[in-house]
Amino acid sequence: MLRLPDWMVYSAALAALAVAGVSRRERADAPPPPPPPSLEENLLLAPAEPFNPGELVEARGLPVQAQSGTAFAVGGEGIWLTARHVVEGCRRPALKIAGDRAVAARPRLSRRSDVAVLRTEGGPTPIPVALNQRLEPGLRGFHPGFPQGGAGEATSRLLGPGELRRHGRGQAAQPVWIWAEVGRTDGLKGELSGLSGAPVLDERGQAVGVTLAEGPRRGRIYTTRPADMRAALGRSFSRPDAVGAAISVSNYGLEADALRRDLRVAQVICLDDAAA
């Protein structure tokens, strides 16, 4: 996940300070993820089935650039969302699936926000998205993905709106939601790099934003607004209202494992051009 200095981020709304105080006292860590499946288990699970076989590559042994992140399926025909900075500048983005295989992904970068749409040939059952939901301070969020390049997740409490500033001349501040981290995978220490692009799910299993960055010193997580997802997907994207599996602090680790196992949440990698 992109790490940003504290001075580059505006503080949350003053009305959410009470929530922040509660969040500092709350802790809800998830159990460690299960070990990766063996080769025999991978063959039995046939995880590549949702994708066009012609789009698959064997990622084992291929040069992979250092950048990586997370993406999540939002359309059954192979539509995914991730953070723009995860794939920006990458000529060969791919989604890593079980058995060290990967599927090619074609990115479309949003000009308005740090969001990118990925397209694959085929895809898993999508995660429900809440494109018009009004978020209130205190909402609990769940972030399943691949922090530090491995399976893991975090949970948070919404503090309120803010702005995210990035390095570079002419970089405009992006409106975001600011969350207080209140739990993560047990044993996961340090930064949450690699969680960029993960969904932030509410307790009904709906994606209400895309995870963008963290402020590790203050235990903050920054995400897009639902409106940013809607703008990136475009007016032609239409999904009926739906809910996912109910998520709570007692089961979010298990639900995150299920989302990764079903390839609804996948790791984004950038294959080196030398591997083409």
Side-chain angles (χ1 to χ4, degrees), residues 30 33-34 36-37 41-56 59 69-83 86-87 93-108 115-133 141-146 151-153 155 195 197-211 223-224 226 229-230 232-234 236-248 251-269:
E41 289 173 313
N42 280 328
L43 293 174
L44 290 173
L45 292 173
E49 185 176 351
F51 301 102
N52 184 335
E55 298 292 316
L56 298 179
T70 302
F72 60 102
V74 296
E77 60 274 29
I79 303 176
W80 306 71
L81 285 177
T82 188
V86 169
V87 293
L95 300 179
K96 191 174 181 181
I97 58 179
D100 286 323
R101 287 169 291 180
V103 60
R106 299 179 298 278
R108 187 180 77 242
V115 181
V117 178
L118 303 180
R119 294 298 300 262
T120 59
E121 294 295 331
T125 303
I127 290 175
V129 289
L131 300 179
N132 301 296
Q133 183 168 325
F142 304 94
H143 311 255
F146 294 87
E153 54 277 329
T155 184
L195 202 60
V200 52
L201 305 174
D202 63 14
E203 293 178 320
R204 300 197 302 167
Q206 294 179 309
V208 297
V210 179
T211 304
T223 73
T224 65
M229 296 193 297
R230 184 173 65 246
L233 289 167
S236 61
F237 181 84
S238 177
R239 288 277 310 280
D241 291 338
V243 296
I247 308 177
S248 68
N251 75 349
Y252 77 94
L254 295 175
E255 290 301 324
D257 292 336
L259 290 171
R260 287 185 291 259
R261 183 178 61 248
D262 296 340
L263 303 179
R264 303 171 76 188
V265 171
Q267 185 178 18
V268 182
I269 60 175

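Just so you know, these numbers come straight off a predicted model, no measurement behind them.
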Query raised in the report: Less than 4.5 Å apart, any side-chain heavy atom of Leu201 and any of Ile127?
Result: yes
Query raised in the report: Considering only heavy atoms from C-beta outward, does the side chain of Phe237 approach that of Leu131 to under 4.5 Å?
Result: yes
**Report entry** Whether Thr211 side chain and Ala198 backbone form a donor-acceptor pair below 3.5 Å
**Finding:** yes
Query raised in the report: Got Thr125 and Asp262 here, is their nearest side-chain heavy-atom distance under 4.5 Å?
Result: no
Report task. Measure from the side-chain N and O atoms of Asn251 to the backbone N and O of Ala246, and report whether any donor-acceptor pair falls under 3.5 Å. Result -> yes
Requested in this report: Would you indicate whether the side-chain heavy atoms of Leu81 and Leu233 approach each other to under 4.5 Å?
Outcome: yes
Query - Arg260 side-chain N/O to Gln267 backbone N/O, donor-acceptor pair under 3.5 Å - result: no
Query raised in the report: Tell me, do Glu77 and Arg119 make a side-chain contact under 4.5 Å, heavy atoms counted?
Result: yes
Query raised in the report: Does any non-hydrogen side-chain atom of Val74 lie less than 4.5 Å from one of Met229?
Result: no
Query raised in the report: Under 3.5 Å, is there a donor-acceptor pair between the side chain of Thr223 and the main chain of Val210?
Result: no
Query raised in the report: CZ/Arg106 to CD/Glu121 distance, rounded to the nearest 0.5 angstrom?
Result: 4.5 Å
Report task. Could you tell me the separation between the OH atom of Tyr252 and the NE2 atom of His143, rounded to the nearest 0.5 Å? Result -> 9.5 Å
**Report entry** Contact check, side chains of Pro107 and Leu118, non-hydrogen atoms, under 4.5 Å
**Finding:** yes
Requested in this report: Determine, stepwise, if the pair Val265 / Phe146 fulfils side chain to side chain contact (heavy atoms under 4.5 Å, CB included).
Outcome: CA-CA 9 Å; Val265 171; Phe146 294 87; 4.2 Å; yes
Query raised in the report: How far does CG of Leu259 sit from CD1 of Ile247, to the nearest 0.5 angstrom?
Result: 6.5 Å
Requested in this report: Look only at the side chain of Thr155 and the backbone of Gly141, and say whether a donor-acceptor pair between them is shorter than 3.5 Å.
Outcome: yes
Report task. Please check if the side chain of Thr82 supplies one atom and the backbone of Ala116 the other of a donor-acceptor pair under 3.5 Å. Result -> no
Query raised in the report: Which atom pair, heavy atoms only, marks the closest approach of Ala130 to Pro226?
Result: O-CB, 3.5 Å
Query raised in the report: Should the ring pair Phe51 and Trp80 be called parallel, tilted or perpendicular, given that the plane angle runs from 0 to 90° and is split at 30 and 60?
Result: parallel
